[in-house]
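Here is the naming used below: chain letters follow the sequence lines, and residue numbers restart at 1 for every chain. Keep in mind that the numbers below use all heavy atoms, side chains included, and drop hydrogens, waters and symmetry copies.
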There are 2 protein chains.
Amino acid sequence: MKLNKEISQDNYANWFALYHLCQNIGSQKAIHISSTEFGKILNLSQQTASRRINDLEEIGWIQRKIIGKDQVIRITKKGADVILAMYKNLRQILEEILIVGEVTEGMKEGGYYVRIPGYLAQFQEKLGFKPYFGTLNIQLSDLNKELLEENLKNQIPVRIEGFEDNKLGRTYGAVDCFICSVSRLDNQDVKVDSAILKIKRTHHKKNIVEILAEDYLREKLKLKDGDRLRIEFTKK
Amino acid sequence: MKLNKEISQDNYANWFALYHLCQNIGSQKAIHISSTEFGKILNLSQQTASRRINDLEEIGWIQRKIIGKDQVIRITKKGADVILAMYKNLRQILEEILIVGEVTEGMKEGGYYVRIPGYLAQFQEKLGFKPYFGTLNIQLSDLNKELLEENLKNQIPVRIEGFEDNKLGRTYGAVDCFICSVSRLDNQDVKVDSAILKIKRTHHKKNIVEILAEDYLREKLKLKDGDRLRIEFTKK
DNA sequence: ATTACTAATATCCGAGTAG
DNA sequence: TCTACTCGGATATTAGTAA
């Protein structure tokens, strides 16, 4: 009984059709494809594939030219934006679901910084807490690391300035911190304000992140090696 | 006539249901949601929403507990992987569609490097071509820049080593190059082997990328300011 | 309240086919 | 060949309820 031909933007058949088109366009700017071929891609008949293409054109997600037997399709800006919007949504979802890592042993570089008075004073002043004298190390999967890095790009770091120790005659470099909160995966009620320590010369191989907090996190969250933690950014 | 209840993984109704669930779970590990509420999110009836939840559970994308009137849903690993797979596919699509920028004026830092013999010899040796004495500057949108950065992470750079010039008594830092090819958006047939110059002290504000090639790209591709170029990375 | 069954109905798909 | 129409049958959704 509906009069508008149900060609709406939240029709997921259309979304999937666009998605598959994009996948098959690859790096060309346009694709020559018949409705039969497209039907094969979508696991649908030529007739339905043809209707999909029509619908996508009506929505304005694609542009299409039929020249004789040849049909040339290109994705419009509007269509690319639809893909982009979904991409961004998925990224957000994954960041929320997946920024999770395992507690791993040792207090490495991070702990070193906390114990140097020139840094410690700054941590205390700029982070708003006096950090425990060691850091908690979190091991991330490649994907988690990647997602974390992407996330950090959108954060404004707390910059701990470098300084010189004249007596020792040596220089200490600047360090960036990223405010976050950490919690056990199995108890989201207790979230501890923390900071990720971003040290210049990072391990490129090991996806380990160092967490700074006021409390001794292993005790506070009753953590042992291998326990899983979620890192969150209490953002905007 | 089909006996298997058509609860398949490539059923996009299920995919969208999972997607919307994820969006509403947010950073909680689980969500309390009734089928009526879920129906509102999906723009579907309570009955259909209920069936969707059942289906998702059967596929193994979610896990669900009904305790009295309360229904608690959590995404399984398998479900998260489905989202992740789509994310990765979209990223690939966007990289192919969207790594596009506008030609902008000037030969900036890049050109400087090419003219220094200590660098030039290395460019020639390691890139396999003797670069033109200036670079082409490409202005990227924030998103394009972001996608490019992500892409570069997966590339192995050609490292141009730093060196010292004893006569001048100064040091030159290392530079990373990323092999790519560039082409006009409106003529994908001509692709020019090039390299992105990754200079340490990048403009953090301006999303400008510098391209090195054997030919004078402005001439070779008949470019003027504002023309759009696609940057591609030939295969993985 | 809930979830979810069954039956009625709305929607979608593809065979046949025209242009 | 192509695209894309009509229309009957297949499938999905919802209304009415039960539990």
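- Other residues, nucleotides and ligands contribute more than 12 heavy atoms inside 6.0 Å of the CD1 atom of B:Ile67.
- Ring planes of B:Tyr19 and B:Phe16: perpendicular class, angle over 60° (limits at 30 and 60°).
- Residue B:Arg52 has no polar side-chain atom (N or O) positioned under 4.0 Å from OP1 or OP2 of C:dA4.
- Side-chain N/O atoms of B:Arg51 include none lying less than 4.0 angstrom from OP1 or OP2 on C:dA4.
- Rounded to whole angstrom, the span from the CG atom of A:Asn14 across to the C1' atom of C:dC12 amounts to 12 Å.
- Atom CG of B:Asp55 and atom P of C:dT3 are 15 Å apart (whole Å).
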Show the numbers, then the answer: is there a salt bridge (charged side-chain N to carboxylate O under 4.0 Å, His left out) between A:Glu58 and A:Arg51?
CA-CA 10 Å; A:Glu58 263 188 65; A:Arg51 208 174 41 240; over 6 Å; no
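- Look at C:dA8: its Watson-Crick or wobble partner, with both distances under 3.5 angstrom, is D:dT13.
- Note on A:Ser50: a base of the nucleic acid sits closer than 4.0 angstrom, heavy atoms only.
- Atom NZ of A:Lys220 sits in a sparse spot, with 12 or fewer heavy atoms from other residues, nucleotides or ligands closer than 6.0 Å.
- Between B:Gln46 and A:Gln47, the residue anchored closer to the 5' end of DNA chain D is A:Gln47, taking for each the nucleotide with the nearest heavy atom.
- In this structure, A:Ile73 atom CD1 and D:dT3 atom P are separated by 9 Å, rounded to whole Å.
- Side-chain atoms of B:Ile66 lie closest to C:dT3 of the nucleotides D:dT13, C:dT3, C:dC13.
- Spacing between atom CD of A:Glu58 and atom C1' of D:dA4 amounts to 13 Å, rounded to whole angstrom units.
- Atom CD1 of A:Ile33 and atom P of D:dT1 are 18 Å apart (whole Å).
- Between D:dT14 and B:Ser45, a contact under 4.0 Å exists linking OP1 or OP2 to a side-chain N or O.
- Look at B:Gln71 and you'll find a side-chain N or O under 4.0 angstrom from OP1 or OP2 of C:dT3.
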Chi angles and distances behind the salt bridge (charged side-chain N to carboxylate O under 4.0 Å, His left out) call for B:Asp225, B:Arg218
CA-CA 9 Å; B:Asp225 283 357; B:Arg218 281 180 180 264; 2.8 Å; yes
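- Residue A:Thr48 is classed as a base contact, given a heavy-atom separation below 4.0 Å to a base.
- Between D:dT13, C:dA4, C:dG14, one nucleotide has an atom nearer to the side chain of A:Leu44 than all others, and that is C:dG14.
- Protein atom CG of B:Leu56 is 15 Å distant from nucleotide atom C1' of C:dT3, rounded to whole Å.
- Between A:Asn54 and D:dA4 there is a side-chain polar atom (N or O) within less than 4.0 angstrom of OP1 or OP2.
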